[in-house]
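Each chain gets a letter, A, B and so on, in the order the sequences are listed, and its residues count up from 1.
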Amino acid sequence: MSEDGMARLERLNSMLKRRSIILPAFEIHGGAAGMYDFGAIGGRLRNRVNQMWLEHWLSQGDVVEINCPTVTPYSVLEASGHVGEFSDFLVSCSKCGEASRADHLLESHLPNPDSLGKDELGAAIVKYQPECPSCHDIQWGEVSAQNLMFNTTLGAGSGGREAFIRPETAQGMFTNFQSLYRHFRQRLPFGAVQIGKGYRNEISPRQGMIRLREFNMGELEYFIDPEVEPSHDFSCWKEDIFSMLPDGQDAVNLSIPDALESGMIRHPTVAWFMARTADLLLKLGIDGKRLRFRQHESTEMAHYASDCWDAEIEGSYGWVECVGIAHRGCYDLEAHETHTGQRLKAWRGWAESVERKRTVVTIDGATAGPAFRSGAGDVKQALEELDSVPSTFPFILKLHGGESVEVLEEHIKVEERHEVINGEWFTPHVVEPAFGIDRIIWHLLDHAWTETEKNGEPYSLLALSPNIAPIDVAVLPLMEKGGMDILAKNLHLELCSLSGILSNYDASGSIGRRYARADEIGIPWCVTIDHQSLDDGSATVRNRDDQEQVRVSIEEIAALIHNGGMSERFS
RNA sequence: GCGGGUGUGGUGAAGUGGUAUCACCUGAGGUUUCCAACCUCAUGUCGUGGGUUCAAUUCCCGCCACCCGCACCA
């Protein structure tokens, strides 16, 4: 970062703190790294960004909002792969209390201990009895997962169940798949969003709000049938050109439909969410010239993903990934299905039923039952999956469990079966746009903060979009007396009573000072009640960005602020 | 986690082994006050814990936080 950039960053951070937008959390207790408060102005800003994010996705018509607990049982995150990816397994020495990495202790005993799970490591430690590096004792406690996920316990005492505070919101959408599938009356595609907190116990949080330990995120999981060609309408994005960096190569400028056409974007639904994401970011107020899409290189992509694009935004910290849009295939649903035995599939009905006559080998219950006893069910399953009727007896049949049994001719019978198949179960694929809300808010502020000069003095304003401005309007009596104060207070109360509108009444200091205060926290409109207001019921409305003023009847002001029509008065 | 730097009102700074100064901001009053004007008055500070000392914001040590490298990292 340049000297100038760093100095600007310091000034911006001072302002954010001074005006109660974003400030270090728990500061009177010495602070906590990687955590921030959204203050008197910032709290509302965050809420409006969240609200716009939600409305943007729900407006698609086939997306619902859900909300799941942040405390998540161990097995959920084990199934998702987070325990393996995000954790180191630690084990404490019972004698000296020193915690060591379980896989490091076993390095001299096993080829690649870092690939082992928690239980396997525990067993290996009992078996190989490695020495404690600090006291050389061999008494070890339980293996526990540590590190990037915050761990906790569901329930008290030794009977408590191991859990984590979630590192992302996505898993809730997968664990709810059956319920969502019913809600959408078993028709794909559909999606579910969740906006909320995620937690990662980062080793060293850095760069302000860019890497946090507790962060706001919003994720959308969109489930599709991989065999159905998606029908997305890209016509309104044909003219919108974005900077794109495909697969580690240099940037090219292309529209999203063209990038899809050329094969650079590998799936239409990924392209669709890139376009919709760009729409949202621009609507929130991100500078389009400082937005680009970068495709993950194959080496950087998770093994299950087939395409992944980041929306990156340029700000004081350079280009920062703020949104990841990934085609995750069937990975997540399959993982939860494997771990739970629950069916997480969708039904694909065929246009025409298939009738099938089939010769099936099965068991003769009367003889096979006594012969195989509790194993008879497994034998039946293995037999029915055979492609042909065995020609010689006895023969060796391999079961699913891996063991083999000897089957005699008297154990089996051959049936002709008539089957009508109307469709099939399949695991839907999922496309996941994941948003780092704090990073987006940071860049909204970074892009909106404008330092200029006014009458030779430095002057700063926050040119936030009226869509997300924390306060919609300021009402300023030119003097707080003579009836101007009463008119102004009434207007202020009228504005505050409107749904979704927040007004700020400010009567202290000169009028110029009050305009400056309003500009600094991004209030789009200032209404000044002056002497003329007392005579004809009009007031001056001032625009934040160009300081233009027009006179508007006070009676009309609330409606114009409420319906967003104020800017038309300025043309 | 390693190395380097930094912590003084809300913000930005000055300074000191005898509990601290300035500007801006903020608040009250005055000024027929439309872009941080002016006058009077007021609120508010040495990150934190321990040590040395009669006395520590100042010296020493630990911790916490912030910034910069490195490492780590959806």
Atom-to-atom span, [atom1] of [X] to [atom2] of [N] - whole angstrom:
X	N	atom1	atom2	answer
Met149(A)	C73(B)	CE	C1'	14 Å
Tyr317(A)	C68(B)	OH	C1'	12 Å
His296(A)	C73(B)	NE2	P	15 Å
Leu9(A)	U11(B)	CG	P	16 Å
Ile210(A)	C67(B)	CD1	P	11 Å
Arg19(A)	C25(B)	CZ	C1'	10 Å
Lys17(A)	C24(B)	NZ	C1'	16 Å
Glu10(A)	A13(B)	CD	C1'	13 Å

Gap in Å between the two [atom1] atoms, one belonging to [N] and one to [M], rounded:
N	M	atom1	value
G12(B)	G50(B)	P	28 Å
G49(B)	G7(B)	C1'	16 Å
G9(B)	C68(B)	C1'	28 Å
U21(B)	G69(B)	C1'	36 Å
C24(B)	U57(B)	P	29 Å
G62(B)	C2(B)	P	12 Å
A13(B)	G3(B)	P	27 Å
U45(B)	A23(B)	C1'	15 Å

Legend entry - SB check Arg46(A) Asp37(A) (cutoff 4.0 Å): no
Legend entry - Electrostatic pair Asp519(A)-Arg542(A), nearest N-O below 4.0 angstrom: yes
Legend entry - Test log, rule side chain to side chain contact (heavy atoms under 4.5 Å, CB included), inputs His327(A) and Arg266(A): CA-CA 9 Å; His327(A) 191 300; Arg266(A) 298 179 192 133; over 6 Å; no
Can you tell me the base-pairing partner of [N]? Count Watson-Crick or G-U wobble geometry only, both distances below 3.5 Å, and say none if there is no partner.
N	value
A23(B)	U11(B)
G29(B)	C39(B)
G3(B)	C68(B)
G62(B)	U48(B)
U16(B)	none

Inset, instruction - Apply side chain to side chain contact (heavy atoms under 4.5 Å, CB included) to Ile440(A) and Trp53(A), showing your working. - result: CA-CA 11 Å; Ile440(A) 292 171; Trp53(A) 185 89; 5.7 Å; no
Inset, instruction - State which residue, out of Arg292(A), Gln295(A), His296(A), fulfils the side chain to side chain donor-acceptor pair (under 3.5 Å) condition with Asp310(A). - result: His296(A)
Inset, instruction - Enter the distance from Ile557(A):CD1 to Glu555(A):CD here, rounded to the nearest 0.5 Å. - result: 10.0 Å
Legend entry - Pairwise distance OG(Ser460(A)) to NZ(Lys454(A)) - rounded to 0.5 angstrom: 11.0 Å
Inset, instruction - Would you kindly say whether Ser538(A) and Asp536(A) are connected by a side-chain donor-acceptor distance under 3.5 Å? - result: yes
Using a cutoff of under 3.5 Å, can you pull out all pairs of nitrogen or oxygen atoms linking the protein to nucleotides 62-66 of chain B, with atom names and distances?
unit_1, atom_1, unit_2, atom_2, d
C64(B), O2', Gly30(A), O, 2.8
A65(B), OP1, Ala33(A), N, 3.3
A65(B), O4', Gly30(A), O, 3.2

Legend entry - Stepwise side chain to side chain contact (heavy atoms under 4.5 Å, CB included) test for Phe215(A) and Arg200(A): CA-CA 8 Å; Phe215(A) 48 95; Arg200(A) 290 178 197 176; 3.7 Å; yes
Legend entry - Under the salt bridge (Lys or Arg N to Asp or Glu O under 4.0 Å) test, residues paired with Glu432(A) that sit two or more places apart: Arg328(A)
Inset, instruction - Name the nucleic acid region contacted by Asn13(A), choosing base, sugar-phosphate or nothing; use a 4.0 angstrom heavy-atom cut-off, strictly under. - result: nothing
Inset, instruction - Could you tell me whether Arg211(A) contacts a base, only the sugar-phosphate backbone, or nothing, with contacts defined as non-hydrogen atoms closer than 4.0 Å? - result: base
Inset, instruction - With side chain to side chain contact (heavy atoms under 4.5 Å, CB included) as the test, would you mind laying out the steps for Ile22(A) and Phe38(A) before giving the verdict? - result: CA-CA 5 Å; Ile22(A) 287 161; Phe38(A) 290 92; 4.0 Å; yes
Inset, instruction - Between protein and nucleotides 26-37 of chain B, map the contacts as a letter string: B base, S sugar-phosphate only, - none, heavy atoms under 4.0 Å, written 5' to 3'. - result: SS---SSBBBBB
